[in-house]
Each structure stands twice: as structure tokens, then as C-alpha cells.
Amino acid sequence: VQLQASGGGLVQAGGSLRLSCAASGVSFSRSAMGWFRQAPGKEREFVAGISASGGSTLYANSVKGRFTISRDNAKITVDLQMSSLEREDTAAYYCAARDVPHVTWRDRDVGQWGYWGQGTQVTVSS
């Protein structure tokens with residue numbers, strides 16, 4: 001399984017970025033996908049998740065209303081559109097996949113996700 005994240009960069013507070021994750025080697029249409037982030041000195045935390053069909057999404061309270069997760073099962077990609085970025089959003093962002101199609105509040109734990117991509121750095125300046 002390979003998850004390749006891209007789209008990170010440096011952006012001013014209030015700006016937007018779109019992260020993308022390309023997947024291979026996973027049954028993408030049967031896998032829930034997610035985005036996590038990890039800031040220096042902090043634990044990796046859940047950001048957003050999307051069910052295999054795309055019909056169900058889940059967001060951390062800190063990003064709700066500002067971030068949108070989406071997926072394209074034909075292109076085998078999952079995106080994270082980030083708007084109204086804040087300095088607190090600065091972190092390495094990781095794409096994750098799991099072998100089940102659903103995502104619930106209990107699945108915010110990193111241990112619920114079996115596959116991980118490399119991080120892409122997002123830095124928000126004031």
C-alpha cells in the first residue's frame with residue numbers, strides 16, 4: 001500500500017491550501033480514508049475522515065467549517081481543502097487508510113488506521 005500526499009506549503013493566516021493523497025495497492029473503493037496532522041512536540045491527531053462511498057464525513061471540532069474532505073474513487077485520490085487557515089493549523093499532514101468502509105467518532109484514534117503516507121508540511125504564518 002502506498003499513500004502519496006502532496007500540496008503542503010507556506011501560507012498566510014486566512015489563506016487556503018488543498019492537500020491531495022494518491023493511493024495505490026489498497027482496495028480504495030472499500031476503504032475509509034482520513035487525514036491526520038502532527039505538530040512539533042505534539043501527538044498525531046485526527047483531522048477528517050471520509051467513508052468509502054464518500055457519503056459520510058467526519059471532522060475534528062477544530063477544523064469543522066473550515067476544512068472539507070473529499071474523494072474521487074475513479075482517480076483513487078482523497079483531498080483536503082483547507083480554508084481560513086490559522087497558525088494553529090501548522091503541522092505535518094498525513095493521509096491514512098483503513099480496511100473498512102466506514103468511519104465513526106471511535107475511529108479518530110491513530111490505532112484504527114492501518115496505512116499511512118508520508119507527511120506533507122503545512123506552515124501558516126501570521
Side-chain angles (χ1 to χ4, degrees):
V1 174
Q2 193 165 25
L3 303 173
Q4 185 73 36
S6 61
L10 175 64
V11 63
Q12 285 192 327
S16 299
L17 273 179
R18 188 176 185 90
L19 305 183
S20 186
C21 175
S24 62
V26 65
S27 299
F28 192 78
S29 62
R30 294 196 293 268
S31 300
M33 300 295 295
W35 286 96
F36 287 71
R37 67 186 181 187
Q38 188 167 17
K42 295 188 176 181
E43 294 187 349
R44 191 169 298 188
E45 65 174 3
F46 175 83
V47 175
I50 188 167
S51 63
S53 68
S56 178
T57 57
L58 192 65
Y59 296 94
N61 289 335
S62 58
V63 307
K64 196 174 297 182
R66 300 188 298 120
F67 291 11
T68 302
I69 188 171
S70 61
R71 65 188 294 159
D72 187 328
N73 286 357
K75 294 181 179 180
I76 318 181
T77 58
V78 58
D79 291 352
L80 185 69
Q81 177 66 47
M82 306 184 294
S83 303
S84 301
L85 283 161
E86 304 168 353
R87 287 191 65 184
E88 292 72 24
D89 296 316
T90 295
Y93 283 72
Y94 297 87
C95 176
R98 57 199 304 255
D99 285 327
V100 294
H102 59 267
V103 57
T104 70
W105 276 114
R106 290 173 292 181
D107 303 320
R108 293 170 294 166
D109 186 87
V110 296
Q112 298 297 319
W113 300 78
Y115 308 105
W116 295 87
Q118 92 292 354
T120 185
Q121 180 67 35
V122 172
T123 302
V124 183
S125 64
S126 58

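Just the heavy atoms: all of them, side chains too, but no hydrogens, waters or symmetry mates, feed the values below.
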Does any part of the side chain of [Y], heavy atoms only, come nearer than 4.5 Å to the side chain of [X], both counted from C-beta?
X      : Y     : result
Gln112 : Arg98 : yes
Val78  : Ile69 : yes
Ser16  : Ser83 : yes
Phe67  : Leu85 : yes
Thr68  : Tyr59 : yes
Ser62  : Arg37 : yes

So which atom in Trp113 and which in Ala32 form the shortest heavy-atom distance, rounded to 0.1 Å?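 Taking Trp113 first and Ala32 second, the nearest heavy atoms are CZ3-O, 3.6 Å.
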
Calculate, to the nearest 0.5 Å, the distance between atoms [atom1] and [atom2] belonging to [X] and [Y] respectively.
X     : Y     : atom1 : atom2 : answer
Ile76 : Leu3  : CD1   : CG    : 11.5 Å
Ser6  : Arg18 : OG    : CZ    : 11.0 Å
Leu80 : Met33 : CG    : CE    : 11.5 Å

Identified ring-ring contact (aromatic ring centres under 6.0 Å, His included) counterpart of Phe36 within the set Tyr115, Trp116, Tyr94: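 In the set Tyr115, Trp116, Tyr94, the residue that makes a ring-ring contact (aromatic ring centres under 6.0 Å, His included) with Phe36 is Trp116.
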
Determine whether more than 12 heavy atoms belonging to other residues, nucleotides or ligands lie under 6.0 Å from atom CD of Gln2.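 No, not enclosed.
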
Does NZ belonging to Lys64 count more than 12 external heavy atoms closer than 6.0 Å?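 Atom NZ in Lys64 is crowded, with more than 12 foreign heavy atoms closer than 6.0 Å.
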
